[in-house]
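Structure record follows, encoded as structure tokens.
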Amino acid sequence: KSQQEVSWLQGNYQDRRFSISATIARPRGRSASYSFVGLNRVQGPYRILAEGQIRAIIPGSEKVWLDGELLERGADKDYIVDYPASTITFATGVPIDSRSRIEVDFEPLLDDYLRELYDFSGGVSREDSTLHFNFGFYRESDDSRRLRSGELSQADRNLLQNIGDSVAINFRDGAVADTGGAYLARSDSTGNRYYEYVGAGNGDYSVVFSSAGSGRGDYIYQGDSVYSYVGSGKGDYRAAIKVPVPSGENLYEASLGWHPIDKGTIAIQFRHADLDKNLLSSRDDGNNAGQNYQIVAGYGKSPAVYSDSFGVSLAVEISGKNYQPYARQIGPDPARQYFIPDNYAGISNRKEFTAKSAAAIYGPYNFLYDGGYIDYSDQFHSYRNGVTLYPDDITSYFPQLNLATIRTGYDTAGSIYRGQGDLYRMQWRHALNQRITLESNLKYERRQNNYQRRWRGTTEKEINLG
């Protein structure tokens, strides 16, 4: 849920057993995500795109992950963002190269419809807090009757009604016959019709161009209102008028928490999401709704490196194929974590099982296990297992040791293809004092698969001494 809302009304009540809260707001942005890989020896700036387009970002709305690790904002920390320009630059202490996997969750500034948000939640618990129940309703939606500027014509409304949820084709012809226009109609070598700029008053057409996203258009902008044709799918603009599509989501959720024993917890959660990508069309609405179920059980401290006591966590999550809420529900870098094939959409039900356990054992080392299994209705499955031996504390002279494996199966066109990965790592970190820490890292990782019917892979060897 957004932290950048402009609230109209907000209220809450809480006592020892009951809680209730409600919010009505006008959000300034909507949730979006963008992923990209870095370039060798380039810290930035890197462009952050929203649906393939450049949009100003609401300040402070972003979360940034590098190789699955959450970064901190700030010139003296990990990165800075130019919010009006929608770019990110990483600090010198965060080296970026062609292996760097970067994910950004952010809120682009809205420029089409006014947006409305309703959030209602409540809960009840026993006085000893051993059992509690929570419920909520969340709605975030465009106001389809109120554009921020102008209004939809009847032709625009007819277009949106006909395209259903195929919102990527929300364009109508941008060319109008005009003897005083600036463009002439031409055809390229493949027969595609395009428009060539010949100067104001020298053409037969007036043409409106719209941004289609990088590599999704046919034209590039030359400046001074001049657009040049560069070939189908090779440019950033289309000779078309983009009609804004209103969308909305309803999210219902309920959860039950139980503390049956000291240090032990069990939580069950249910979510029902109804995402309508086009509020002005009833077409394709049969697949808008999906469900998500989660069960999490734990005992002791949350398992993590440098945990000083025993802890275990088990989780099961099942998501229907139509469960697609606006905001991120899956952790960062899942494709890397589970070795998912490139461009795999996961159009079936998803099941994920995870297990973590940490234990303080006798001797210089403690133990952490982190494993998981993911399955897309027998179309793709992946097992991952990882073991970490870590010293008692950061001042130890002993290194941290990691071993991780991944094994996958990909069923396509009646054939099963495989993937496998192995990671070995030794990390040494010793704090001399509060200001000075010495670090070194040795890593070997091998990944290979035959997802595209022949085996191929990568091997990474890394040695850092410091």
Side-chain angles (χ1 to χ4, degrees), residues 1 65 68 70 121 123 125 129-136 138 251-275 287 289-305 307 310-341 344-359 367-388 404-411 419 421:
K1 298 174 183 179
W65 287 269
L70 184 63
S121 62
S125 66
S129 299
T130 57
L131 186 68
H132 60 86
F133 174 75
N134 297 293
F135 58 90
Y138 180 83
L251 179 65
Y252 307 84
E253 57 185 9
S255 63
L256 179 67
W258 182 35
H259 299 270
I261 58 175
D262 185 37
K263 298 183 180 179
T265 61
I266 297 175
I268 302 173
Q269 185 175 62
F270 166 76
R271 288 191 177 112
H272 174 94
D274 190 335
L275 175 61
N287 61 354
Q291 293 76 39
N292 172 269
Y293 309 85
Q294 296 183 46
I295 302 176
V296 180
Y299 180 83
K301 283 190 176 181
S302 178
V305 174
S307 176
F310 175 77
V312 62
S313 175
L314 303 172
V316 178
E317 180 177 0
I318 301 174
S319 295
K321 64 180 180 180
N322 297 326
Y323 180 72
Q324 44 184 346
Y326 274 128
R328 173 190 295 272
Q329 298 288 323
I330 303 175
D333 211 12
R336 177 74 177 180
Q337 190 178 37
Y338 285 105
F339 207 5
I340 298 174
Y344 179 71
I347 56 174
S348 57
N349 297 335
R350 179 178 66 87
K351 306 180 186 71
E352 183 175 0
F353 306 84
T354 59
K356 279 188 176 183
S357 178
F367 171 87
L368 173 68
Y369 168 79
D370 184 0
Y373 169 76
I374 194 169
D375 178 270
Y376 284 92
S377 295
D378 299 325
Q379 295 176 357
F380 175 81
H381 66 266
S382 173
Y383 301 86
R384 61 174 181 83
N385 294 281
V387 174
T388 301
T405 63
I406 303 175
R407 298 294 183 266
T408 72
Y410 180 31
D411 188 347

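Between L256 and L131 the shortest side-chain heavy-atom distance falls below 4.5 Å.
Of all heavy-atom pairs spanning G68 and P332, the tightest one is O-CG, 3.8 Å. For the pair F339 and F380, the tightest heavy-atom approach, listed with the atom from each and the gap, is O-CZ, 3.5 Å. Across all non-hydrogen atoms, the minimal contact from I406 to S382 is CG2-OG, 3.6 Å. Nearest heavy atom pair, residue A289 against residue N322, reads O-CB, 3.0 Å.
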Trace of the side-chain contact (heavy atoms from CB on, under 4.5 Å) decision for N134 with S121: CA-CA 7 Å; N134 297 293; S121 62; over 6 Å; no

Could you go step by step and tell me if T354 and R384 meet the side-chain contact (heavy atoms from CB on, under 4.5 Å) rule? CA-CA 9 Å; T354 59; R384 61 174 181 83; 4.0 Å; yes

Apply side-chain contact (heavy atoms from CB on, under 4.5 Å) to residues Y338 and T408 and explain how you reach the verdict. CA-CA 8 Å; Y338 285 105; T408 72; over 6 Å; no

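With sequence neighbours left out, the side chain to side chain contact (heavy atoms under 4.5 Å, CB included) criterion links Y383 to Y373, H381. For D411, the side-chain hydrogen bond (donor to acceptor under 3.5 Å, both in side chains) criterion is met by no residue, not counting sequence neighbours. Under the salt bridge (charged side-chain N to carboxylate O under 4.0 Å, His left out) criterion, R407 pairs with D422, sequence neighbours left out.
Between Y344 and Y410, the ring planes are perpendicular. Angles over 60° get that label, and only those under 30° would be called parallel.
S319 contributes no side-chain N or O that, together with a main-chain N or O of R350, makes up a donor-acceptor pair within less than 3.5 Å. At least one donor-acceptor pair closer than 3.5 Å links the side chain of N349 to the backbone N or O of K321.
Between the CG atom of L368 and the OG atom of S357 there is a distance of 7.5 Å, given to the nearest 0.5 Å. From I266, atom CD1 reaches atom NE2 of H259 across 10.0 Å, with rounding to the nearest 0.5 Å. Here the CD1-CZ distance, from I374 to F353, works out to 10.5 Å after rounding to the nearest 0.5 Å. Going from atom CD1 of I295 over to atom CD of Q269 covers 11.5 Å, rounded to the nearest 0.5 Å.
Tested against N292, the residues R271, E253, H272 include a single side chain to side chain contact (heavy atoms under 4.5 Å, CB included) partner, R271. A ring pair (Phe, Tyr, Trp, His ring centres under 6.0 Å) with F270 is found for one member of Y293, Y252, Y323, F135 and no other, namely Y293.
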